[in-house]
Protein chains: 2
Amino acid sequence: MNAKASDAEQRRAQILMAAMELFASKGFSATTMNDIVAATGLSKGGLYWHFKSKDDIIIGILDQFFDPELAWMQALVEQPGDSAVERLRALSAQIATAMQSMEALVPIMLEFFALAVRDQQVADTINGYYRRYTVGLVALLEQGQAQGELDIADKHTVALNIVAQFEGLALLWSLRPGQFDLRTHILTATELLLKALQPAPA
Amino acid sequence: MNAKASDAEQRRAQILMAAMELFASKGFSATTMNDIVAATGLSKGGLYWHFKSKDDIIIGILDQFFDPELAWMQALVEQPGDSAVERLRALSAQIATAMQSMEALVPIMLEFFALAVRDQQVADTINGYYRRYTVGLVALLEQGQAQGELDIADKHTVALNIVAQFEGLALLWSLRPGQFDLRTHILTATELLLKALQPAPA
DNA sequence: CCTTCCAAACCGACCGGTCGGTCTGTTCTA
DNA sequence: TAGAACAGACCGACCGGTCGGTTTGGAAGG
C-alpha cells in the first residue's frame with residue numbers, strides 16, 4: 001500500500017514533469033493530451049487515470065511551481081544575526097542562481113501569467129505566492145531598519161517594488177535568450193536599491 | 001478610390017479592435033475566428049478577405065501595440081532644456097497614466113510575452129520595442145550625468161533595470177485588479193532610483 | 001442620365017482534421 | 001480474485017480555413 005501510493009505519486013510526478021517540458025516548449029494550448037501521452041509512454045487511459053483533465057495537469061504544475069523559491073526566502077528571513085543588508089544581497093544572488101537553473105521553465109511562468117487574467121484560481125495561487133514573498137521581504141526590511149542599516153518610508157511598497165523588479169528582469173531575460181546577463185542586472189538592481197535605502201548620515 | 005482604400009483600412013482597424021477586445025478577455029487560443037466574425041458583424045469570408053489567417057490578425061495587433069508609448073518617450077528625450085531628473089519624473093507619471101488608460105489591454109501584453117518564447121517574429125518585435133525604449137532612457141541618463149544631476153556607473157544596465165521595474169509593476173498590477181495602486185508604485189520606484197543615482201556631495 | 005461592367009468586398013455553407021475526453025476491455029499486483 | 005493501473009479504439013464538438021456565389025459602388029461608354 002505504501003509502495004502503491006508511492007508508485008502512484010511517482011507516476012504523477014513523472015507525468016507532471018513530462019507535461020512541464022511540453023508546456024514550456026509549446027505552450028498550454030498547443031500541447032495536446034496526446035503529446036503528453038506520447039511523452040510519458042503511457043496511454044490515454046493511463047493518463048486519465050491519474051489526471052481527470054488537462055486543466056487538472058496545469059493546476060497540478062501550478063501548485064508546486066513557486067514553492068522552492070518561497071522556501072529559500074523563508075530560510076533567509078529566519079536566519080538570525082546576519083545583517084539585513086547582507087541577507088538582501090544573498091537573496092538576490094540566490095534568486096539569480098535559482099532562475100538561471102530553472103531557465104527552461106520560465107516560459108511556463110509566462111503562460112501562468114496570461115492564464116491568471118482569466119482564471120481566478122490561477123490568479124489566487126500566484127498572488128498568494130507574491131503575498132508571502134512580500135511579507136518575507138517586509139520582515140527583512142524591518143529588521144534592517146531596526147538595526148539602523150536601512151531607512152524606509154513605506155516598507156510594503158518597497159517590498160512590492162523589489163518583487164516587481166525581479167519579475168521584470170526575469171521577463172526581459174526570457175525574451176532575450178543568451179543576450180541578457182540576468183545575474184548582473186539583479187545584483188545591480190539590488191545595489192541601487194540598497195543605496196537608495198541608506199540612512200542619511202547623522 | 002481614395003474613399004475605398006480608407007474604407008478598407010477602417011474595416012481593418014475595426015476588425016483589429018474587435019479582436020483585441022476578444023483576445024484580452026479570452027486569450028489568443030480560446031478566441032475563435034467565429035468569435036471575431038460575430039463581434040465584427042462580418043461573415044467568415046469577409047473577415048478572411050482582410051486577414052489571411054488568425055496569426056495575421058495577431059501580428060497586426062502586435063505591430064501597433066507598443067507604438068504609442070515609444071512616441072512619448074521619444075518626445076521626452078528630445079525635449080530641450082528641462083532637467084533630466086524632472087523629465088524622468090514626468091516619464092514615470094506619464095507611464096502610469098498610459099498604463100491605467102490601457103488597463104483592458106494589459107492581458108494581451110501577457111499573451112504576447114508567452115507567445116514570444118515560441119515565435120521569433122513576436123520576440124523580435126517586442127525586443128525591438130524594448131531596445132528603442134532603452135536607447136531613449138540611456139540618452140536621458142547621459143543628459144542627466146552631463147548636467148551633473150546624476151551619477152551612473154553603467155547607464156545601459158540601469159536603463160534596462162528601469163524598463164524591467166516598470167514592466168514588473170505592470171505585471172503585478174494586472175494580477176491584482178483593484179488592489180494595486182500602480183501610480184504610487186511607479187512613482188515610488190522612480191524616487192528610489194533617483195535617490196540611488198544622486199551624485200555624492202562634493 | 002442611363003446602362004453596362006468589373007473588381008473589391010462580402011456572404012455562409014462546407015470541409016478536413018484535430019482535440020479533449022470516454023469507454024470497454026486487459027494486465028498486473030497484492 | 002478484487003481493484004488499481006493501463007491500453008487504445010472511438011466519439012462528437014469544434015476550429016481554422018476554403019470556395020463558389022452574391023452584392024455594391026463607381027468608372028466607362030453611349
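Each chain gets a letter, A, B and so on, in the order the sequences are listed, and its residues count up from 1.
B/Phe66 and B/Tyr129 have parallel rings, their planes meeting at less than 30° on a 0 to 90° scale where 60° marks the start of perpendicular.
Side chain to side chain, B/Arg183 and B/Ser92 fail the donor-acceptor criterion of an N or O pair below 3.5 Å. For B/Lys195 and A/Gln198, the side-chain atoms include no donor-acceptor pair closer than 3.5 Å.
The nearest whole Å value for the distance from the CD atom in A/Gln10 to the P atom in D/dA5 is 12 Å. We find that CG of A/Asp7 is positioned 10 Å from C1' of C/dT29, with the value rounded to whole Å. We find that NZ of A/Lys52 is positioned 17 Å from P of D/dA5, with the value rounded to whole Å. If you take NZ of B/Lys54 and P of D/dC14, they are 15 Å apart, rounded to a whole angstrom. With rounding to whole Å, A/Asp56 atom CG is found 10 Å from C/dG21 atom P. The distance from atom CD1 of A/Ile15 to atom P of D/dA5 is 11 Å, rounded to the nearest whole Å. Between B/Ile58 atom CD1 and D/dG17 atom P there is a gap of 10 Å when expressed in whole angstrom units. Distance CD1 (A/Ile57) to C1' (C/dC19): 14 Å, rounded to an integer number of Å.
Applying the 4.0 Å criterion to OP1 and OP2 of C/dA9, one finds that B/Trp49 has a side-chain N or O inside that range. Residue B/His50 has no polar side-chain atom (N or O) positioned under 4.0 Å from OP1 or OP2 of C/dA8. In this model, the phosphate group of D/dA4 is not approached by any side-chain N or O of A/Arg11 to a distance below 4.0 Å at OP1 or OP2.
Residues from residues 32-47 of chain B with heavy atoms under 4.0 angstrom of DNA chain C, sorted by number: B/Leu42, B/Ser43, B/Lys44, B/Gly45, B/Gly46.
Between B/Phe113 and A/Phe113, the distance separating the two ring centers is not shorter than 6.0 angstrom.
Between A/Arg89 and A/Glu86 there is a salt bridge, since at least one side-chain N of the basic residue sits less than 4.0 Å from a carboxylate O of the acidic one.
A donor-acceptor pair is defined here as one N or O able to donate and one able to accept, closer than 3.5 Å; such a pair exists between the side chain of B/Asn127 and the backbone of B/Ala123.
Rounded to the nearest 0.5 Å, atoms CD1 (A/Ile95) and CD (A/Glu167) are 8.5 Å apart.
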